[in-house]
There are 2 protein chains.
Amino acid sequence: MENEVDGLDKRKAYILATVVYEYIATGEPVGSQALTQKYNLGVSSATVRNEMADLEAGGYLEQPHTSAGRVPSDAGYRTYVDALMSPEELGADERRRIRDEMRDARAQLDEIVEQSSRLLGRLAGNLAFVTKPQSDTQSFRYVQLIWIAERSGIAIIVTSLGVASQSLFELRNDHSPDDLTRLSNALNATFAGRLLRDCDDRSLTALTKSCGFGDDMAAAVRAAFIGARTQEQPGISASGAQHLLDQPEFRDVRKLRSILRILEEQRTLYDLVADAFDSTSASVKIGHELGSEELSDLSLVTVPYRFGERAVGMLSILGPRRMPYARLLALASGTAETLSERLHDVEVK
Amino acid sequence: MENEVDGLDKRKAYILATVVYEYIATGEPVGSQALTQKYNLGVSSATVRNEMADLEAGGYLEQPHTSAGRVPSDAGYRTYVDALMSPEELGADERRRIRDEMRDARAQLDEIVEQSSRLLGRLAGNLAFVTKPQSDTQSFRYVQLIWIAERSGIAIIVTSLGVASQSLFELRNDHSPDDLTRLSNALNATFAGRLLRDCDDRSLTALTKSCGFGDDMAAAVRAAFIGARTQEQPGISASGAQHLLDQPEFRDVRKLRSILRILEEQRTLYDLVADAFDSTSASVKIGHELGSEELSDLSLVTVPYRFGERAVGMLSILGPRRMPYARLLALASGTAETLSERLHDVEVK
DNA sequence: TTTAGCACTCCGAGCAAGCGAGTGCGAAGG
DNA sequence: CCTTCGCACTCGCTTGCTCGGAGTGCTAAA
């Protein structure tokens with residue numbers, strides 16, 4: 001029906017939107033009178049009261065206690081985000097400011113990623129974090145096998161984003177520096193440009209052997225590629241935790257402890273954005289949708305960034321459920337865009 | 001005089017020590033009665049009162065307000081740490097536990113450093129941070145100049161701790177892969193084993209030119225070494241901020257904000273330990289000695305760790321001034337020792 | 001020089017009262 | 001039939017108050 005949104009008639013939807021909006025703005029439970037006074041609803045507070053009672057029955061609103069105003073529930077926020085709020089765009093000047101600040105970072109992958117998390121944390125006034133590009137979405141550029149002694153060496157692999165990973169290897173038989181150079185050249189000729197994840201063990205082994213090396217060298221080469229692919233963890237840069245202290249919901253210190261702990265366990269932080277990795281567009285998780293009781297009054301906004309066509313990492317904002325979703329989505333997207341552009345500065349061509 | 005400590009007679013010194021000890025244990029201002037009841041001082045509370053008044057006049061104790069107990073001042077803690085407290089040693093089982101937990105980290109520099117900061121943060125129940133080895137104290141192991149195109153390449157430098165840094169370079173004239181290999185070999189033969197900071201620009205330039213290269217190549221080589229030497233920042237791994245929330249002194253949220261901000265600005269964190277870098281033994285900074293009003297009710301314990309004979313980095317514990325200094329010094333030293341040992345696992349020989 | 005006694009100070013916990021914002025419901029009005 | 005008005009009621013928060021406890025400094029006696 002034309003005048004229904006998500007099962008709510010137009011007026012209910014509007015009231016819900018206003019309640020969420022007002023609550024996000026003030027942080028205080030919002031009552032019927034306050035609402036009619038501040039917004040021109042065209043109906044009296046009593047009517048609003050009735051509607052609010054309905055919305056509460058429908059699970060969109062909650063009451064902290066009798067005789068308090070209403071507060072949005074997870075479902076209320078969800079509806080707001082999906083259907084009610086009006087999306088925001090960044091102004092041209094804001095875009096420019098983001099771009100300018102990103103220029104401060106040197107052309108090094110880590111620095112660019114860190115700079116964008118700092119920037120986003122500050123602009124969003126919340127905790128922001130950015131995953132480094134997943135290494136298996138990067139493509140292989142060069143490998144160099146360096147001779148150290150007759151039976152040992154170092155393999156260094158450089159990826160398209162200029163990240164090098166090195167691994168030591170030991171061999172059973174003697175080899176000369178020239179042998180290693182020959183193999184390096186062969187590997188480069190065959191695999192350069194491929195995605196790291198497409199440099200499969202089988203082809204690597206086959207090529208190594210066809211250059212006259214044995215199983216030991218093949219294992220070393222495989223290990224080097226695996227090392228480059230699974231580079232420790234994805235790596236996350238986080239920033240802006242101090243802004244959370246300004247939020248009234250963190251006056252309770254226990255909440256903060258959860259956050260700090262999560263911040264230090266990169267694992268958990270990564271799990272939070274992990275399922276967003278599949279989707280190629282922005283995603284919002286609200287309260288219990290985060291899957292943890294500890295985090296149940298937080299929300300997470302996640303936006304992918306790209307290298308070329310491919311989504312390679314995520315920018316996220318973690319803050320109180322009561323966050324300005326439209327604005328933060330716009331900020332995250334804007335930052336993601338700029339980050340994507342800057343990635344080309346570090347590309348190894 | 002035999003029975004004077006730091007200008008205090010024996011009894012005053014003992015009372016000061018007891019007050020500090022008790023305050024560290026309880027966190028409550030300590031009064032004369034409580035002290036005589038809990039500790040066997042051999043004198044009455046009235047006497048203790050008089051002595052405390054003297055200690056306050058001497059600047060060792062402070063009173064939060066009239067009719068409250070006494071609390072140590074910076075000077076009081078300082079005297080306690082320097083002259084009064086009895087040093088602690090870790091038990092054999094604790095040492096073993098530390099060693100075991102350090103074994104969980106893979107043999108990668110970053111992981112070992114992170115593991116030790118996590119471990120220390122947890123054991124100390126405070127914020128712990130560890131600087132990565134200063135790269136200019138590491139020695140040079142290998143350089144490899146990789147040919148990409150006639151006029152460009154990548155230089156990869158590997159240090160004794162297995163850290164690789166890469167830098168791209170562009171040349172004015174064509175060169176062959178073989179030329180680059182030849183130069184790599186020459187550099188390795190001459191400089192391998194030297195400290196990075198001893199690979200001076202002049203010698204690098206001279207050697208490069210003696211291999212028949214021009215100014216452009218010499219500049220590229222210098223840049224590569226400078227890049228390895230000044231590797232971004234020293235790099236700091238921090239952990240355990242959540243423990244601070246348990247301390248009563250952080251119920252005030254503003255204190256926390258300072259800490260969180262410092263935590264994110266690696267710069268400030270690094271400045272804190274910077275002057276400890278000169279000293280080769282443990283150092284304690286108390287309250288205002290940290291040089292910042294914001295941090296004036298915190299203390300910092302810093303202990304160096306070594307690679308071979310050389311001090312290459314620092315382990316620090318940041319917490320409330322009211323911290324168990326002797327215990328934390330023991331923990332930090334124990335962890336430093338284990339960290340130093342594990343560094344040999346990542347050494348590139 | 002140490003101790004006992006005493007008057008005084010001050011913080012903080014605990015309690016009661018009052019206020020204000022908000023609710024739900026029944027009755028009146030368009 | 002939906003909306004509005006009026007009203008009684010609820011409940012948390014703030015304010016003000018009291019009171020006890022811990023601690024101090026001072027004076028006088030041992």
Nucleotide N/O of nucleotides 14-16 of chain C paired with protein N/O under 3.5 Å:
none

Open item on the list: If we check side chain to side chain contact (heavy atoms under 4.5 Å, CB included) with B:Phe129, which of these qualifies: B:Leu315, B:Leu300, B:Ile262, B:Ile317?
Closed with: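 Going through the options one by one, the only one that passes is B:Leu300.
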- [ ] Strictly below 4.0 Å, heavy-atom distances to any atom of DNA chain D: list the hits from residues 59-73 of chain A, or just say none.
- [x]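 Here the set is A:His65, A:Thr66, A:Ser67.
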Open item on the list: Just to be sure I understand the geometry, which residues of residues 25-36 of chain A put a non-hydrogen atom under 4.0 Å away from DNA chain D?
Closed with: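 The stretch gives none, as no residue of it lies under 4.0 Å from the strand.
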Nucleotide [N], atom [atom2] - distance to [atom1] of [X] in whole Å:
X	N	atom1	atom2	answer
A:Gln37	C:dG20	CD	C1'	13 Å
A:Asn50	D:dC2	CG	C1'	10 Å
A:Glu22	C:dA21	CD	P	14 Å
A:Arg49	C:dC25	CZ	C1'	10 Å

Task: All salt bridge (charged side-chain N to carboxylate O under 4.0 Å, His left out) counterparts of B:Glu294, not counting sequence neighbours - done: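 If we apply the salt bridge (charged side-chain N to carboxylate O under 4.0 Å, His left out) test to B:Glu294, skipping adjacent residues, the hits are B:Arg261.
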- [ ] Check salt bridge (charged side-chain N to carboxylate O under 4.0 Å, His left out) between B:Glu62 and all other residues, then give those that pass, not counting sequence neighbours.
- [x]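 Salt bridge (charged side-chain N to carboxylate O under 4.0 Å, His left out) check on B:Glu62 returns nothing, list empty.
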Task: Side-chain N or O of A:Thr47 closer than 4.0 Å to phosphate OP1/OP2 of D:dT3 - done: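 Checking A:Thr47 against D:dT3: no side-chain N or O falls below 4.0 Å of OP1 or OP2.
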Open item on the list: Does C:dT2 have its OP1 or OP2 closer than 4.0 Å to a side-chain nitrogen or oxygen of B:Arg11?
Closed with: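 Indeed, a polar side-chain atom of B:Arg11 lies that close.
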Open item on the list: So for atom CZ, which belongs to A:Arg78, do other residues, nucleotides or ligands contribute more than 12 heavy atoms lying within a distance under 6.0 Å?
Closed with: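 Yes, enclosed.
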Indicate yes or no: at least one non-hydrogen side-chain atom of [X] is less than 4.5 angstrom from one of [Y].
X	Y	value
A:Lys285	A:Leu272	no
B:Leu260	B:Arg257	no
A:Glu264	B:Arg118	no

What donor-acceptor contacts under 3.5 angstrom involve side-chain atoms of residues 15-31 of chain A, with partners at least two apart or in another chain?
{"residue": "A:Thr18", "atom": "OG1", "partner": "A:Tyr14", "partner atom": "O", "Å": "2.6"}
{"residue": "A:Glu22", "atom": "OE1", "partner": "A:Tyr39", "partner atom": "OH", "Å": "2.5"}
{"residue": "A:Glu22", "atom": "OE2", "partner": "A:Lys38", "partner atom": "NZ", "Å": "3.0"}
{"residue": "A:Thr26", "atom": "OG1", "partner": "A:Glu22", "partner atom": "O", "Å": "3.1"}
{"residue": "A:Thr26", "atom": "OG1", "partner": "A:Glu28", "partner atom": "N", "Å": "3.1"}

